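As the structure is a computational prediction, the values presented were derived from the model and not from experiment. A note on names: the letters A, B, ... follow the listed sequences, proteins ahead of strands, and every chain is numbered from 1.
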Amino acid sequence: MAKPQNVNDSEWNAEVLMADTPVLVDFWAPWCGPCRMVAPIVDELATEYDGQVKFVKLNTDDNVETASKYGIRSIPTIMVFKGGEAVDQVIGFRPKSELKKSLEKALA
Amino acid sequence: MVDTREYDVIILGGGPAGLAAGVYAARGRHRTLLIEKGVVGGQIALTELVENYPGIASINGFDLAQAMQEQAASYGMKTEYLEVKSIEQTGDLWTVHTNDGDFNGKAVILTTGAEYNKLGIPGEEKLTGKGVSYCATCDAAFFKEQEAVVVGGGDAALDEGIFTTRYVSKATVVHRRDELRASAILQERAFANAKIAFRWNSIITEILGDEQVRAVTVKDVVTGEESEMPISAVFIFIGQHPNTDFLGDLVPKDAGGHVIVDDWMRTPKPGLFAAGDIRQNSARQVATSVGDGVTAAIGADHYIREAFPDYEPLAQTPTESAEPATAN
């Protein structure tokens with residue numbers, strides 16, 4: 001079963017921007033209630049899209065540089081990257097169906 | 001697996017009222033489904049601390065909600081994360097139409113709660129998540145050592161405003177009147193907080209910024225004067241409205257859109273109950289919503305036994321649901 005991988009500021013370029021596949025990034029922090037609701041959904045998607053999409057999590061408390069570079073001002077924020085570019089962004093807790101739409105768009 | 005779309009009690013909305021109804025309905029061995037469109041816990045999921053739930057001195061809102069859900073799930077309540085489009089009476093049953101098909105229930109308990117009001121001013125929608133926030137506990141940490149405004153004068157505004165001062169260098173509470181309606185204890189805490197300032201008799205007329213919030217336009221409602229206040233974040237807490245639009249005119253509502261119910265949380269439609277923030281004259285507290293939900297679940301139990309004389313509840317608590325439900 002595929003699990004999202006934790007990344008930090010220093011791994012960001014290699015793990016996200018240089019990735020061969022689209023990457024879903026879950027910006028989260030331990031104190032954020034809605035983030036805890038998103039987590040199991042992201043886990044499920046990671047299994048469903050295993051091999052097609054890479055799933056990573058970035059703790060915004062520990063990785064302020066990346067979070068501020070992408071203007072994260074609200075969590076959870078889910079961003080989808082493709083070829084080093086942010087192609088989609090979903091702010092706040094959204095149902096799984098909406099996150100799937102975001103991924104399908106990136107895979108199309 | 002049996003048809004998972006037939007239930008005895010269907011609860012719409014997973015806030016305290018719905019979760020409490022779920023505990024009672026599931027413990028009563030009714031086949032119970034909770035449908036939630038977003039986060040279980042409703043408004044309290046976004047609350048840092050609940051400090052007025054009797055018997056619990058202080059608890060994180062999300063943790064309280066999760067404990068309620070786990071309790072209900074341990075008695076067999078299922079949770080589906082779907083959006084309800086409408087409901088209708090079909091023969092003896094209620095049909096709930098969702099974005100992923102229909103569910104049938106003998107009784108339906110409406111606990112869809114309330115949603116925060118928006119200011120409805122220029123810049124608000126565009127900058128939501130970019131400095132405009134309706135949840136300080138979610139977002140305040142992104143504004144370390146920056147200045148913020150907090151809009152509102154009730155408990156939520158002060159509670160969340162006080163929370164922001166863990167991070168922001170200054171929070172200015174902008175309130176349209178010259179006194180607060182928040183409870184005395186929160187007022188005392190806010191007035192004693194050196195990082196909190198007040199702008200009385202003032203409203204915000206515009207939120208400025210391109211990629212991020214950079215300022216707000218503040219209007220003094222007495223003098224009519226407008227001025228720009230440079231800030232990085234706007235936290236908005238100006239009350240709420242019940243989520244009852246999807247009901248259309250199925251049941252009577254008051255002018256504010258709240259569903260009118262009797263002492264058993266019954267609407268005039270047999271088998272249809274409403275509890276918590278969506279009902280008329282709710283005190284809008286976690287504890288009262290829990291009470292409402294329990295009352296509605298007991299009302300639903302009575303209703304099902306009367307309306308379906310051959311009905312038999314489950315012989316035992318279903319064990320496959322003993323684990324807390326996760327998002328599907």
Side-chain angles (χ1 to χ4, degrees), chain A residues 1 3-4 24-49 55 58-80 86 88-103, chain B residues 14 35-49 60-66 69 79-83 98-100 127-144 146 148 163 166-167 209-213 232-235 323-328:
Chain A
M1 192 175 124
K3 284 287 279 179
L24 179 145
V25 186
D26 174 7
F27 292 90
W28 72 290
W31 41 262
C32 156
C35 296
R36 288 159 62 180
M37 285 304 297
V38 168
I41 296 179
V42 172
D43 287 354
E44 284 176 30
L45 290 170
T47 301
E48 285 173 36
Y49 286 86
F55 286 77
L58 183 113
N59 181 325
T60 56
D61 276 357
D62 301 337
N63 301 285
V64 178
E65 194 185 309
T66 305
S68 71
K69 181 173 161 199
Y70 290 95
I72 306 297
R73 287 285 183 273
S74 182
I75 50 173
T77 288
I78 305 279
M79 287 178 88
V80 180
D88 209 0
Q89 184 180 33
V90 178
I91 297 175
F93 180 92
R94 307 301 306 162
K96 185 176 174 183
S97 55
E98 201 164 315
L99 298 181
K100 275 184 105 145
K101 258 185 236 161
S102 223
L103 289 178
Chain B
I35 302 179
E36 164 60 46
K37 72 169 175 179
V39 185
V40 168
Q43 296 165 73
I44 65 161
L46 304 179
T47 307
E48 157 78 346
L49 288 177
N60 173 275
F62 184 81
D63 290 337
L64 177 60
Q66 203 166 45
Q69 189 192 21
T79 305
E80 295 272 3
Y81 292 88
L82 299 171
E83 194 166 333
T98 76
N99 61 331
D100 187 27
L127 292 164
T128 293
K130 301 284 175 192
V132 173
S133 172
Y134 306 88
C135 176
T137 49
C138 306
D139 302 337
F142 295 104
F143 303 96
K144 278 182 191 129
Q146 300 176 55
F163 180 86
R166 294 187 191 186
Y167 301 100
D210 295 319
E211 290 298 304
Q212 303 284 338
V213 170
S232 309
V234 187
F235 294 99
E323 289 297 309
T326 53
N328 68 329

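In this structure, no portion of Ser232(B) lies under 4.5 Å from any heavy atom of chain A. When heavy atoms are compared at a cutoff of 4.5 Å, Phe62(B) approaches chain A solely by way of its side chain, counted from C-beta outward. Residue Ser68(A): no heavy atom, backbone or side chain, is found under 4.5 Å from chain B. Looking at Glu36(B), neither its backbone nor its side chain comes within 4.5 Å of chain A, counting heavy atoms on both sides. The part of Gln212(B) that comes within reach of chain A is its side chain, from C-beta onward, which places non-hydrogen atoms under 4.5 angstrom from that chain. Looking at Ser133(B), there are no atoms closer than 4.5 Å to chain A (heavy atoms on both sides), in backbone or side chain.
Of the listed residues Thr77(A), Ile75(A), Ile91(A), the one with more heavy-atom pairs under 4.5 angstrom with chain B than any other is Ile75(A). Top candidate by heavy-atom pairs under 4.5 Å with chain A, chosen from Asp63(B), Thr128(B), Asn60(B), is Asp63(B).
Interatomic distance, CZ of Phe142(B) versus CZ of Phe27(A), reported as 9.5 Å (0.5 Å rounding). Note: Glu98(A) CD to Asn99(B) CG = 10.5 Å, rounded to the nearest 0.5 Å. Here the NZ atom belonging to Lys96(A) is positioned 10.5 Å from the CG atom belonging to Asp100(B), to the nearest 0.5 angstrom.
Shown here for Gly129(B) and Ser74(A), the closest heavy-atom pair between the two residues is CA-CB, 3.8 Å.
Every residue was checked against the side chain to side chain donor-acceptor pair (under 3.5 Å) condition with Gln89(A), not counting sequence neighbours, and none meets it. Residues that satisfy the ring pair (Phe, Tyr, Trp, His ring centres under 6.0 Å) test with Tyr70(A), not counting sequence neighbours, are Trp12(A), Phe81(A).
Other residues, nucleotides and ligands place no more than 12 heavy atoms under 6.0 Å from the NZ atom of Lys37(B).
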